[in-house]
Each structure stands twice: as C-alpha cells, then as structure tokens.
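Take a look at the structure below.
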Number of protein chains: 2
Amino acid sequence: MTLGKRERLSVQDWTEAALQVLAHGGVPAVAVEPLAKSLGATKGSFYWHFADRNALLQATLELWERRDTDQVLAGIDETQDHATRLRSLVELALLSVQRGADAGAGSIELALQSSVSHPMVAAALQRVTSRRVAAMSELYAALGLSKARARDHALLAYTAYLGHLQMAHATPELLPRGRAFRTHVDRIVSVMVEFDS
Amino acid sequence: MTLGKRERLSVQDWTEAALQVLAHGGVPAVAVEPLAKSLGATKGSFYWHFADRNALLQATLELWERRDTDQVLAGIDETQDHATRLRSLVELALLSVQRGADAGAGSIELALQSSVSHPMVAAALQRVTSRRVAAMSELYAALGLSKARARDHALLAYTAYLGHLQMAHATPELLPRGRAFRTHVDRIVSVMVEFDS
DNA sequence: ACCTGAACACCGTTCAAGT
DNA sequence: ACCTGAACACCGTTCAAGT
C-alpha cells in the first residue's frame, strides 16, 4: 500500500491513495493519519495540500466520477444497434459486480452507497446515477418506448442493478454461482430488456 | 433524544437507545460517549453492562432481527391465497421504503447495508435476507414454479426491493412521485409476480 | 451491583517553526 | 513552497475508587 518514499507529495498523490483505500475500506477509511503514514508523510503535510478531510473526499469523488464516465463511454459499442447496446450494458453492469468483489469498480460504488448520509457523497452519487439513467432512457426511447415509459423502464433496470450490487457484496452466499449465475443474469437481462404493450 | 434521568440503566435501555441512533445515523453513530451523554450517564457506566462497543452492536442487531421477524409475520395475511400474499408482500416492501425516508424500519436496514464491511452486520443481514428469500421462494413454489425457478425468482424480486430501497435513500429525486410512483411500483410488482414458461 | 472520574490511545485539525 | 512536530479536541477502552 505504501507508494515509496517521495521527496514531495502532490494533490494527485493524496487523491489517488485516497481512492485506493476508499475501494477497500469505504469512506470511513479515508483517514488522514493512516493515509499520511502509508505515504511516508505527516498529517501536517496533508493540511498543506487540502483544507480538511472533506476537501480530500471531494477530490476523490471527482476523480471517481471522471473515471466512471470514461469507463461507461468506453463500454458502449456505438457500432451495435440499440437493442444489443442496451442488453450488453445491463449484462456488463451485472457481471462487473461479480468480478471485483473486493477491488473492482463496483466496490467503490458500493462504498459510496454506504455513505449516502454524507452530503458530498449523496451529491456525487446523484450525478452519476442521473447520468446513467438518462443514458438508458435514451436507449429505451430509441427502441420505441414513450419518454415516460422509457424513463420508468430505465429506473427499473437501474434498481435491479443496484440491488444485485448490494446482494453480491452483502450476502454473496445467497446468489447462485457458476452456470446458475449466468442463467440468473440472463433472466434479469431479459426482464429488463424485453417488454411489450 | 434524552430518555430522562433514570437512577440506573439496564442493558435494554442502552440497546434501545442504540437502535434509535442506528436508524438515524447508521452504524458509526452507535458511539459510546454520545450515547452515554444522551442517557445522562458516563462511559464507565456503559462498560459495566457491555464488554465493548461491539457487544452493544451485537445486542442491537439481535433486537432488530427479532422485531423484523415479528413484523414480517404480522404483515402476511394467512387468509389470502398465495398469489395475493406474494403481491402484497412485494408491494408492502416497496411502499414501506417510501414511508420512513429517515425514521422507518427501512432506514435501519439501509444503515446496515451501509456497513456490510463489519462482520457482525454482514452476519445479521445474511440471516434476515436468507429468511426472507426462503419465505418468498415458498410462495413462488406454491404458485407452481419448480424449486430452482422459485428460488431464482425470489432472488430477483428481493434484488429489486434492495435496489429500490437504495434509490429511495440515495437518490430519491430520481424516483417518480405521487401517482407516477404508484404506477412505477405497480409495474415492478407485475414484473416480479407475473411469469410464464 | 452499578457508577464516576481520570487516564491513555487514536484520529481530525491547527499552527509555529523549520528547509 | 512544502513539510515537521507539538498541541488540542473527540471517542474507545481501562480501571481504581466510590455508593
């Protein structure tokens, strides 16, 4: 976890390190003293770069938002048709939950969901969620749903994603594994993507 | 929040107070010193009744589990048929999310989901979730689904509930309100309860 | 048996002093 | 400009001493 002895630390160094511990230990783990120790510096050094712990949290959240946006954009294959794009988007989200049970991108998101009580965290989550739901709405609308129904369906799909994320971390023993897991994901995707009326 | 001046505090008094703050401020808010202050006692008094903060948390979790089990049993009308029971179970769960945005039963559950990293919290959640999924599985099985499909469908429904709970607290602005909310809940319930093949 | 009060460790924050 | 080191507040934990 130690990043080696640097003569001087930058704001980026601290923020990067904070994002690391955020993924592992959640928001409470973004603590100044332990962070300083792992970087081989003192708390005083930290307070040169940041006003307080909240400023570090803010910078960390912004870093996460930037990377998350990039990742989602990179995950969509623009050459595919809308239906395929939608299906693979939902599928990728659900499968990504499985991958990084402890270290993946999903674990940062879960850590943030854990700390919604913190206003800054709530704001960051609100922005990212809003962006994702809007993107899915567009896809549903492109498939022929009315604006209202498209948004509603996007919300439902996102709700399923959030719940799946939660279960994968809180009670993974209850989720099917291996082949059964694929079947389960396939069923969710079907429910979320196929519709009528 | 102060429970008045009592001469002597019991384990129940501390546990009850802990459950209160758990609902409002989450697991981190279950702190010995503030709790002692609100009860008009000293930290030393606390440590007569409990080995440490973890022992208090454990007692609080057990209290929640007992009450949760009672509530769920009370919520099911045994005189109804299986389909109606299932539908009202899902519906009640989703609507309860709306009720107590800050104080309701759902807020304790959300607070616990927030702290899955804590092994004791994870264990408690695992027990409750397992119990609920099993109960729903039975209902699905009673409606004619195979054991495997019944369990899978119960998982899917529970996943939707968890995600809904999450959104209602983290990003409530994104969920529809009023009449549109009822429509949204109705749609989720339909997806979760109606099935074929 | 139950509680107080003082003590210590840990982390957030401040700031004077160093390079 | 960037960092150290010491100080203080807050909460978890211990424990000798009180009733």
Side-chain angles (χ1 to χ4, degrees), chain A residues 1-61 111-112 114-115 117-121, chain B residues 1-61 111-112 114-115 117-121:
Chain A
M1 198 57 83
T2 313
L3 298 187
K5 309 286 169 221
R6 279 212 188 77
E7 296 305 328
R8 280 156 187 263
L9 277 336
S10 66
V11 169
Q12 276 67 288
D13 294 326
W14 288 98
T15 311
E16 205 73 59
L19 195 60
Q20 294 287 329
V21 304
L22 176 64
H24 282 101
V27 175
V30 180
V32 178
E33 190 165 273
L35 219 53
K37 196 171 291 177
S38 85
L39 287 172
T42 62
K43 296 187 279 184
S45 167
F46 170 83
Y47 281 93
W48 170 258
H49 298 287
F50 297 89
D52 52 19
R53 179 179 177 272
N54 266 339
L56 172 64
L57 239 183
Q58 185 62 47
T60 310
L61 291 172
L112 296 182
S114 301
S115 301
S117 43
H118 197 300
M120 281 162 38
V121 173
Chain B
M1 197 57 85
T2 313
L3 298 185
K5 309 288 167 218
R6 280 214 188 76
E7 297 304 327
R8 279 156 188 264
L9 278 335
S10 65
V11 170
Q12 275 67 291
D13 294 325
W14 287 98
T15 312
E16 205 72 60
L19 194 61
Q20 294 286 330
V21 303
L22 175 64
H24 281 101
V27 175
V30 180
V32 178
E33 191 165 271
L35 219 52
K37 196 172 292 177
S38 85
L39 287 172
T42 61
K43 296 187 279 183
S45 167
F46 170 84
Y47 282 94
W48 170 259
H49 298 287
F50 297 90
D52 53 20
R53 180 179 177 272
N54 265 339
L56 172 64
L57 238 184
Q58 184 63 46
T60 310
L61 292 172
L112 296 182
S114 300
S115 301
S117 43
H118 197 300
M120 280 162 36
V121 173

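Worth knowing before you read on, the calculation uses all heavy atoms, side chains too, and leaves out hydrogens, waters and symmetry mates. Below, read A as the first sequence line, B as the second, and so on, with proteins coming before strands; counting in each chain starts at 1.
What you find for A/Val121 and A/Leu112 is that their closest heavy atoms are CG1-O, 3.2 Å. In plain terms, the two heavy atoms of A/Pro28 and A/Ser115 that are nearest each other are CD-OG, 4.4 Å. Nearest approach of B/Trp14 to B/Ser45, heavy atoms of both residues: CZ2-OG, 3.8 Å. Residues A/Ala29 and A/Val21 come closest through the heavy atom pair O-CG2, 3.8 Å.
We find that CG of B/Leu56 is positioned 14 Å from C1' of D/dC11, with the value rounded to whole Å. Atom CZ of B/Phe46 is separated from atom P of D/dC15 by 16 Å (rounded to the nearest Å). In this structure, CZ of B/Phe50 is placed 11 Å from P of C/dC3, rounded to the nearest angstrom. Straight-line distance from the CH2 atom of B/Trp48 to the P atom of D/dG12: 21 Å, rounded to whole Å. One interatomic measurement links the two molecules: CH2 of A/Trp14 to P of D/dC3, which rounds to 8 Å at whole-angstrom precision. We find that CD of B/Glu33 is positioned 14 Å from P of C/dA6, with the value rounded to whole Å. Across the protein-nucleic acid pair, A/Lys37 atom NZ and D/dT4 atom C1' stand 16 Å apart, rounded to whole Å.
Between B/Ala41 and A/Val30, the one whose closest nucleotide on DNA chain C sits nearer the 5' end is B/Ala41. Of the two residues contacting DNA chain D, namely A/His49 and A/Lys43, the nearest-nucleotide position lying further toward the 5' end is that of A/His49. Between A/Gly44 and A/Pro34, the one whose closest nucleotide on DNA chain C sits nearer the 5' end is A/Pro34.
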For a quick test of your reading: what N or O donor-acceptor pairs under 3.5 Å do the side chains of residues 47-59 of chain A make, sequence neighbours left out?
{"unit_1": "A/His49", "atom_1": "NE2", "unit_2": "A/Leu9", "atom_2": "O", "d": "2.9"}
{"unit_1": "A/Asp52", "atom_1": "OD1", "unit_2": "A/Asn54", "atom_2": "N", "d": "3.2"}
{"unit_1": "A/Asp52", "atom_1": "OD1", "unit_2": "A/Ala55", "atom_2": "N", "d": "3.0"}
{"unit_1": "A/Arg53", "atom_1": "NE", "unit_2": "A/Val30", "atom_2": "O", "d": "2.7"}
{"unit_1": "A/Arg53", "atom_1": "NH2", "unit_2": "A/Val27", "atom_2": "O", "d": "2.9"}
{"unit_1": "A/Arg53", "atom_1": "NH2", "unit_2": "A/Val30", "atom_2": "O", "d": "3.3"}
{"unit_1": "A/Asn54", "atom_1": "OD1", "unit_2": "A/His118", "atom_2": "NE2", "d": "3.0"}
{"unit_1": "A/Gln58", "atom_1": "NE2", "unit_2": "A/Glu62", "atom_2": "OE2", "d": "3.2"}

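Here the nucleotide nearest the side chain of A/Arg53, chosen from C/dT13, D/dG12, D/dC3, is C/dT13. The side chain of A/Val32 sits closest to C/dG12 out of C/dG12, C/dC3, D/dC10. Relative to the side chain of B/Asp52, the nucleotides D/dG12, C/dC3, D/dT13 differ in distance, and D/dT13 lies closest.
Put simply, OG1 on B/Thr60 and CD on B/Glu16 are 9.5 Å apart, with the number rounded to the nearest 0.5 Å.
Within the nucleic acid shown, A/Ala51 comes within 4.0 Å of sugar-phosphate atoms alone, with no base atom in reach, counting heavy atoms only.
Stems are defined here as 3 or more consecutive Watson-Crick or G-U wobble pairs with pairing distances under 3.5 Å; those involving DNA chain C are C:4-8 with D:12-16, C:12-16 with D:4-8.
Within the structure, a side-chain polar atom (N or O) of A/Tyr47 is placed less than 4.0 Å from OP1 or OP2 of C/dT13.
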